[in-house]
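One structure is given here, and the rest of the page talks about it.
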Amino acid sequence: MAGLAIAFGSGAMTNSIAEIEHNDVLLIIGSNTTEAHPVIGQKMKQAARRGAKLIVVDPRRIELVEHAYLWLPIRPGTNVALINGLMYVIITEGLVDKKFIEERTEGFENLWAVVQNYPPERVAGITGVPAEKIYAAARLYATTERAGIFYTLGITEHTSGTSNVMNLANLAMITGHVGKEFSGVNPLRGQNNVQGACDMGALPDVFPGYQKVANPEVRERFAAAWNCQLDATPGLRIPEMIDLAAGGYIRAMYIMGEDPALTDPDITHVRKALANLDFLVMQDLFISETAKFADVILPGASFLEKDGTFTSTERRVQRVRRALSPRGECRPDWQIICDLAARLGYPMHYDSPEQIFAEMASLTPSYAGMSYARLEGNGLQWPCPTPEHPGTKFLHAGRFPRGKGLLQGIEYQPPAELTDEEYPILLTTGRMLYHYGITTRHSPSLESYRPEELAEINPAQAAELGVRTGDRVTVVSRRGRLVTKVKVTDRVPPGIMFMTYHYKESPVNILTNAAFDPIAKTAEYKVTAVRLEPAS
Amino acid sequence: MDLGSNNDANIKAKALAEVLERYAGTEGALIPILQEAQEIYGYLPGEVMREIARKLKIPFSQVYGVATFYTQFHLKPRGRNIIRVCQGTACHVRGGARLLEAISAALGIGKNETTADGRFTLETVACLGSCGLAPVMMINEETYGRLAPEKIPAILEKY
Amino acid sequence: MQDLKEWRETLQQQSHRGDRPSLTVGMSTCGQAAGGAKVMAALEEEIARRGLQVDISQTSCIGMCYAEPIVEVALPGKPRVFYGDVTPERVPTLVEKHVLQGEPVREWALIQLSGEATPYEGIPVMPGSTYYGRQVRVVTSRLGLTNPESLEEYIATGGYEALEKVLGQMTPEQVIEEIKISGLRGRGGAGFPTGLKWSFTRQAPGDKKYVVCNADEGDPGAFMDRSVLEGDPFSVIEGMTIAAYAIGADEGYIYCRAEYPLAIKRLKMAIAAAGEKGLLGRDILGTGFNFDLHIKAGAGAFVCGEETALLASIEGRQGMPRVRPPFPAQQGLWGKPTNINNVETYANVPFIIKNGGQWFASMGTEKSKGTKVFCLTGKIKKTGLIEVPMGITLREIIFDIAGGIQDDKQFKAVQIGGPSGGCLPEDKLDLPVDYESLTAAGAIMGSGGMVVMDENTCMVDVARFFLNFTQAESCGKCTPCREGTKRMLEILTRICEGEGRMEDLDTLETLARVVKNTALCGLGQTCPNPILSTLQYFRHEYEAHIKDKRCPAHVCQALLVYTIDAGKCTGCGACARACPAGAISGEKKQPHRIDPALCIKCGSCMEKCKFGAISRL
Amino acid sequence: MADVTLTIDGKRITVPAGTTVLQAARDNGIFIPTLCHDPKLTPWGGCRLCVVEIEGMRGLPASCVTTVAEGMVVQTASPQVVEARKMMLELLLANHPRDCLTCSKSGACSLQDYAYYYGVRGDKFHGEKHDYPLEDDNPFIVRDMNKCILCGKCIRVCAEVQVNNVIDFAHRGFNTRVTPAMDLTLRESEECVFCGNCVQVCPVGALAEKASLWQGREWELTKVRTTCTFCGVGCNLEVSVKDDHVVRVRGYDNPLVNSGWLCVKGRFGADFAESPDRITRPLIRVGERGEGRFREATWDEALDYTARRLQEIKEQYGSRAIAALSSARCTNEENYLMQKFMRAVIGTNNVDHCART
């Protein structure tokens with residue numbers, strides 16, 4: 001998100017899901033869409049079936065590769081170099097959109113100063129992608145009118161995550177593939193309401209609607225509405241919270257529906273931090289790995305047991321409706337927060353989520369035109385500033401929020417951790433189709449179908465170790481070790497292995513590196529050096 | 001698996017690879033490829049169909065659908081000699097059904113079955129287009145016309 | 001193009017038979033099935049043994065399948081004599097008398113073709129014979145008379161004159177116009193005007209177009225296309241090339257049944273030969289016109305004779321028909337405009353172009369022009385392949401050409417049009433053979449299969465036979481055909497087994513009507529015809545099966561009763577030994593008896609009895 | 001496109017050129033039954049239930065694949081049409097189990113509805129019926145191919161929507177069946193991703209959600225539209241509930257998002273909410289931190305305790321010693337309240353959530 005915010009002035013999927021099936025070229029980079037966003041994956045495959053050309057950039061032979069016109073099997077962590085290579089071809093072959101660059105962007109010279117050092121032949125050496133494929137992909141993307149970029153955590157979960165995103169924005173801008181239908185730069189957001197949580201200001205530096213806490217006018221408005229004093233200093237990001245908890249500065253945490261003790265990188269460190277707290281209150285559905293460190297666990301309600309709204313990856317705000325009563329004594333999370341606030345001397349009373357939404361909308365310009373009544377039907381896409389506004393299908397038509405789009409040259413930096421003799425295999429992590437976070441582990445049907453990790457390793461590694469599909473191996477990184485079952489498959493190339501983060505029995509984040517992207521503070525989940533040993 | 005059959009499998013796999021190579025890029029090649037694969041293997045083993053599907057980038061389910069749609073394809077091993085008794089109209093009115101019964105009795109197998117020694121597979125065919133000589137049958141590539149049940153044993157003897 | 005003319009002239013001079021005797025063996029599928037290869041081997045051996053200078057070659061089906069194997073003997077300057085039913089045993093005599101002594105063996109000779117020579121006495125001359133007298137041979141004119149594998153013979157007999165004319169003098173529109181003038185209608189069954197079809201494909205927008213030849217001749221009882229493909233493959237190829245020029249196609253496919261290996265082999269040879277001489281492929285006859293032709297072997301599905309199923313099959317999918325429109329002329333093979341005709345239709349084209357549409361239109365009836373090839377099979381004396389002008393009556397075909405019913409039994413019905421057709425009774429025999437008359441009577445022209453049935457044919461059994469066929473060949477896509485053929489077959493089977501009820505006839509009739517009205521493709525829409533026509537003309541036979549539990553033709557086994565006439569039985573025991581069910585018992589030299597409870601009604605006993613003591617009721 | 005005027009059952013109707021007769025009829029409230037038709041899938045024209053009579057056309061064309069023409073005269077309920085539809089239903093029922101009493105599809109089954117509408121009992125034919133084994137070797141979908149009417153919607157949805165092509169027609173004629181390659185089960189095929197979109201389009205009881213069996217009849221279900229929780233796509237769900245229990249989940253047709261289609265998690269994963277692992281009462285730690293031993297408490301006790309400890313720490317170490325993780329899985333309203341709680345009540349901006357994208 002941060003990368004897009006820098007380049008465009010706001011960060012979200014620029015286009016809509018319904019546009020995908022009409023795209024003619026889809027550049028899919030770092031997104032195993034058919035497993036992580038299956039219904040968008042469907043639409044991509046439908047587009048391919050109709051004749052659209054998919055350019056798939058992924059180290060693994062993911063399902064979309066079978067539908068792809070071009071597959072660029074990239075070495076993890078080298079996206080910046082690849083994108084620079086694509087831009088090199090586009091600029092040197094005169095395939096840029098000159099008018100768009102002149103009218104809508106600034107900084108082209110700065111960009112070229114960097115990109116000129118990335119001819120495809122050099123990029124091939126860095127990324128492992130053959131130069132001719134780089135040429136072909138660049139030409140195809142640049143010369144097709146309806147060409148969209150789609151990415152997800154394969155781009156952001158790197159120390160270079162923000163750079164990757166900015167570079168994708170560069171690529172879209174120099175070809176004029178943004179600010180219109182059927183193109184754009186589209187981060188596919190992983191969790192059901194990650195877009196909403198950001199929009200709602202569940203971030204340390206902004207109020208709802210990305211209004212800066214550092215801005216006194218904004219602060220005044222919220223202080224008046226909320227009838228309270230407000231801190232002007234931006235707060236801490238998760239990794240900082242963890243570090244400061246470990247260091248004894250953060251004494252208490254309130255964690256609602258997250259499980260950092262399983263899903264954050266280098267969980268050994270996370271667990272130490274959690275153990276060091278004076279007080280931890282958890283609000284969740286299950287006793288998660290994190291909840292084991294809690295002093296109090298408050299039972300929340302699942303999405304089936306409450307009303308509210310989610311904002312999807314395409315900025316669409318849609319209703320969540322109660323279908324079941326909360327189990328046992330469970331209570332909707334919003335009620336729990338209200339009760340706690342009241343006990344802390346701040347009366348917080350709402351009759352319904354609708355009232356909360358109305359208050360939020362009155363303080364959030366991009367949601368200002370929305371109401372529950374208007375969300376009936378098929379939902380609304382922000383920005384939706386007034387009650388008459390139909391919502392926004394695609395962003396940045398005519399103008400970027402920051403004015404001109406910012407082109408900035410970005411040098412390739414190798415990932416924080418590299419393979420060596422001791423740790424010769426590159427581990428990359430991600431989601432899989434049958435699980436989502438940890439809740440699905442409690443789904444009887446899904447869990448019975450995929451009850452355990454099946455780490456993907458190449459037949460070459462399997463032969464070295466003498467293991468077959470279903471056998472166990474030990475995976476060792478510089479931070480930890482675990483035992484997992486393997487699946488021997490050429491979905492992964494030699495020298496690379498893949499694991500998911502869903503299984504507490506083989507918690508992959510015991511291995512991962514807590515090196516962060518300096519801006520977004522997203523960890524490098526996608527590149528960890530490991531070695532394989534026979535399971536003892 | 002002994003060395004002999006291993007070698008045989010390799011030779012067949014190589015022949016299949018050559019067929020796939022020859023048809024590479026040809027539209028609508030599935031049926032001719034299946035026909036040639038059946039020539040090589042005598043029938044269409046599942047793994048062979050899977051390989052064809054993978055190479056042609058055609059869904060395996062479709063390859064299977066095609067292989068089971070057409071009567072020419074066989075998914076089980078067949079005998080060394082294929083008897084195909086014509087069931088055409090002309091043959092029917094001239095005693096084709098009794099001919100089939102006679103062969104069936106002589107070999108002790110029914111339609112679409114193979115003798116235990118793998119010598120014969122008995123099949124029927126809609127019409128061999130030799131109606132002028134009804135009733136007729138084919139054994140392998142050879143057509144026999146103006147047949148009668150009495151003539152059957154002597155003909156089978158030759159194979 | 002000049003080269004072709006010169007080449008033809010040279011070939012024509014050469015082809016005046018030389019100074020050596022020639023022996024030609026009919027080696028099409030039927031000839032081979034009748035033992036043609038053995039006769040060929042015997043001839044070669046005999047000639048070698050005697051050290052004679054004789055040419056031995058092969059030809060295709062002359063049409064007299066009933067007389068295969070057929071051998072033609074021709075001496076220089078003498079008529080060509082055709083011998084039927086030749087066996088290896090007859091070969092020495094034939095060589096001795098005809099080849100060496102110059103005297104035809106008159107009692108074995110079928111026919112002679114005299115040309116400019118003086119005919120032999122006592123042998124029917126081909127155009128005037130009873131078999132050929134009523135025929136007009138256009139598409140079949142080369143069959144049995146030329147070597148089908150020789151491009152030279154094709155060209156020497158006027159082949160490729162039409163293509164020359166088309167490429168040299170005619171625009172595509174003129175070609176289509178000529179076909180329209182001829183009145184040629186599709187010979188595959190439905191009878192759609194060919195010229196009109198071509199003009200649709202020509203007018204359809206698209207830069208890529210195809211011509212497809214439907215050679216998936218699947219009707220049981222029909223082998224016209226096989227005979228033409230085996231006997232004159234070049235005429236089909238030339239016809240397709242002309243069609244390609246007319247509609248603006250540069251690629252074509254011949255979709256041929258896999259059950260016709262010889263036809264496929266000859267087509268492959270012919271395509272290669274034509275390609276070598278610049279008559280196919282790039283820059284045909286130096287005119288810049290391109291046409292590539294491929295062969296696709298079917299894989300065993302009758303429904304692929306339906307054009308949309310055929311296209312699906314060429315594309316490598318299940319042969320499931322799709323709804324039309326869009327017709328193939330708009331969206332055919334791989335979505336491109338495609339012209340589909342059958343073998344006989346294409347084979348007519350060079351003759352029409354060469355002789356003019358008017359010439360073709362002068363034959364036949366007002367709406368059905370030209371000639372039609374039929375396959376005569378069943379219980380007739382002379383089974384075979386004939387070509388007759390449209391409008392000839394069924395009676396003329398069955399009694400004049402084919403010599404009437406085998407063993408002079410009573411004619412009962414003629415089945416025309418295969419599984420899609422119907423059975424016509426005696427009182428329809430004077431019907432003229434044209435598209436409209438046959439359809440009105442409940443049959444269809446179809447591709448030209450004609451199966452004659454006599455008093456020993458059970459019409460319910462015939463209907464069951466066809467339903468058994470269509471049921472097995474139903475693709476399964478649409479409900480009425482998939483489920484309806486199954487139920488119709490079950491009802492017919494019940495009737496044949498003596499378990500029918502009168503209300504079954506109503507159900508059968510309603511079901512047949514619904515299937516006809518609602519099925520998706522031609523296969524389904526026409527598959528009830530054998531039932532509807534037999535119900536119409538032979539309802540009494542159904543009723544006999546149901547009410548009297550009797551099969552009037554003595555065919556339906558379950559309804560037969562075998563008994564031994566004690567007065568005639570000598571007690572020889574042959575029947576008891578032949579009985580596979582052990583149903584016959586009796587003391588030696590005493591009359592035997594059949595236990596009806598054990599009898600499986602196979603008829604073996606009756607065949608073995610030398611005294612006529614066993615009868616079937 | 002230009003408009004075309006035609007007559008259906010005596011009613012003059014004007015529709016855009018290219019419309020099918022079926023669509024024209026339905027848009028004008030004229031009933032035509034269909035089994036293989038689905039406006040979201042390519043036309044198939046196989047079931048032939050939608051046949052109509054059209055003047056000047058041979059036989060009874062299928063209205064789902066016949067496009068309107070100017071001046072066309074259509075009869076949708078003539079005796080001939082009704083006879084044909086009844087016969088079609090008889091034929092389908094002749095090869096269909098008689099277990100409507102216990103069939104999970106009862107009440108939502110097109111075949112049942114049409115048989116009732118036309119008064120077809122399905123007793124006209126007594127012949128061979130299929131006898132395929134029930135396929136229930138996976139936790140999501142039960143396939144009873146004896147109930148399959150071969151409309152092919154599942155094949156088309158798998159090919160055209162999910163684009164996985166797991167199943168196709170195999171064999172032919174009466175023996176035609178829908179199957180993965182080699183007649184394997186979906187699970188054995190290793191290609192099926194259990195999106196279950198095939199179940200959703202099945203007009204009869206051949207495909208069913210395994211967990212829904214015996215859990216509620218169609219008419220007992222309350223249907224709630226909501227939004228899926230398993231990723232950021234925002235698929236719309238239709239949750240069917242009986243007695244405070246989720247019987248099944250299907251896609252809700254929001255044409256801008258998922259058009260009614262789902263993935264395996266959205267369709268089958270909601271059972272996590274009713275897992276016995278759920279915490280249903282507030283818990284207070286009794287063992288060592290990290291050990292995971294808790295005792296149950298009342299809400300008042302738990303909330304009082306929490307408020308007291310937060311108050312103490314705030315007073316002792318200041319607001320900035322407290323941090324919160326909000327949740328990308330919770331609603332907007334809850335996220336809004338959580339950040340408001342931290343900012344307005346605790347007095348710090350230490351609020352973040354796991355937003356990696």
Side-chain angles (χ1 to χ4, degrees), chain A residues 18 38-39 45 187 189 191-192 194 196-197 200-202 204 226 228 235-236 238 241 250-252 254-258 279 281 292-293 295-297 299 302-304 308-310 312-313 318 321 323 327-329 333-334 337 341 343-344 346 353 356 360 378 436 439 442-443 445-446 448 522, chain D residues 139 163 224 226-227 229-235 239 241 254 256 258 263 268-269 271-273 275 277-283 285 289-290 292 302-303 306-307 309 313 317 321-337 339 341 344-345 349-350 352-353 355-357:
Chain A
V39 174
K45 292 190 285 181
R189 312 220 59 177
Q191 300 176 80
N192 55 308
V194 66
M200 292 304 107
W226 291 348
C228 64
L236 303 172
I238 297 178
M241 293 178 189
I250 293 288
R251 313 302 298 220
Y254 181 3
I255 300 178
M256 173 169 79
E258 298 233 346
F279 184 68
V281 54
K292 288 179 183 164
F293 293 89
D295 295 277
V296 179
I297 308 177
S302 74
F303 81 114
L304 290 169
T309 57
F310 289 157
S312 74
T313 185
Q318 304 189 101
R321 293 180 185 82
R327 306 291 93 176
E329 294 181 17
D333 298 78
W334 63 271
I337 298 169
R343 280 174 166 77
L344 284 161
Y346 184 97
I356 306 172
M360 177 278 296
N378 297 328
Y436 170 70
T439 45
H442 299 281
S443 153
S445 55
L446 293 167
S448 73
T522 303
Chain D
V163 204
V224 179
T226 188
T227 304
T229 185
F230 289 119
C231 80
V233 178
C235 293
V239 180
V241 176
N254 181 338
L256 300 175
N258 57 321
C263 77
F268 299 109
D271 53 356
F272 83 89
S275 161
D277 304 339
R278 279 284 296 274
I279 318 162
T280 53
R281 294 191 67 189
L283 301 174
R285 176 165 64 85
R289 196 182 291 280
L303 289 171
T306 303
R309 291 292 291 133
I313 290 167
Y317 301 102
I322 301 175
L325 294 189
S326 193
S327 175
R329 291 126 208 271
C330 285
T331 63
N332 285 326
E333 291 75 1
E334 289 157 349
N335 276 287
Y336 172 80
L337 284 196
Q339 59 90 32
F341 175 84
V345 183
N349 285 314
N350 286 344
D352 199 359
H353 71 283
R356 296 175 182 169
T357 315

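Sequence lines set the chain letters: A, B, ... in the order given, protein chains first and strands last, and positions in each chain run from 1. All heavy atoms count here, side chains included; hydrogens, waters and symmetry mates do not.
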| Gap separating the OG1 atom of D:Thr306 from the CZ atom of A:Phe279, nearest 0.5 angstrom | 4.0 Å
| request: Look up atom CD1 in A:Ile255 and atom NE2 in D:His353, then write down how far apart they are to the nearest 0.5 Å. | output: 14.0 Å
| said: Quick check on A:Met360 against chain D: is it the side chain, the backbone, both or neither that has a heavy atom closer than 4.5 Å? | reply: both
| query | Which distance, rounded to the nearest 0.5 Å, do you find between the CG of A:Asn378 and the CG of D:Leu256? | reply | 5.0 Å
| message | I need the residue from D:Ala302, D:Ala273, D:Gly232 with the largest number of non-hydrogen atom pairs under 4.5 Å to chain A. | response | D:Gly232
| Between D:Thr229, D:Asn254, D:Leu283, which residue shows the highest count of heavy-atom pairs closer than 4.5 Å to chain A? | D:Thr229
| task | Please report the closest heavy-atom contact between D:Ala307 and A:Arg343, naming both atoms and the distance. | result | CB-CB, 3.6 Å
| Structural part of D:Val233 lying under 4.5 Å from a heavy atom of chain A | both
| task | Kindly compute the distance separating CG (A:Asp333) from CZ (D:Arg329), expressed to the nearest 0.5 Å. | result | 12.5 Å
| Using a cut-off of under 4.5 Å for heavy-atom pairs, which of A:Ile297, A:Ile356, A:Val39 has the most such pairs with chain D? | A:Ile297
| message | For chain A, which candidate among D:Gly234, D:Cys263, D:Cys330 shows the most heavy-atom pairs at distances under 4.5 Å? | response | D:Cys330
| query | Do you know which of D:Asn335, D:Asn258, D:Thr226, D:Asp271 has the most heavy-atom pairs with chain A at a distance under 4.5 angstrom? | reply | D:Asp271
| query | Between D:Val163 and chain A, which part of the residue has a heavy atom less than 4.5 Å away: side chain, backbone, both or neither? | reply | both
| said: Given heavy-atom pairs under 4.5 angstrom as the criterion, report whether the side chain, backbone, both or neither of A:Leu304 touches chain D. | reply: side chain
| remark: Given D:Ala323, D:Ser326, D:Gly292, D:Cys235, the one with more heavy-atom pairs under 4.5 angstrom with chain A than any other is D:Ala323
| said: Is any side-chain heavy atom of D:Arg309 closer than 4.5 Å to one of A:Val281? | reply: no
| message | Please classify the contact between D:Tyr317 and chain A as side chain, backbone, both or neither, with a heavy-atom cut-off of under 4.5 Å. | response | side chain
| Distance (rounded to the nearest 0.5 Å) between D:Thr227 OG1 and A:Gln318 CD | 4.5 Å
| said: As an exercise, state the distance from CE of A:Met200 to CG of D:Asn332, rounded to the nearest 0.5 Å. | reply: 4.0 Å
| remark: Note: vs chain A, highest number of non-hydrogen pairs under 4.5 angstrom among D:Arg289, D:Arg285, D:Arg281 is D:Arg289
| request: Give, as side chain, backbone, both or neither, the part of D:Ile322 having an atom under 4.5 angstrom from any heavy atom of chain A. | output: both
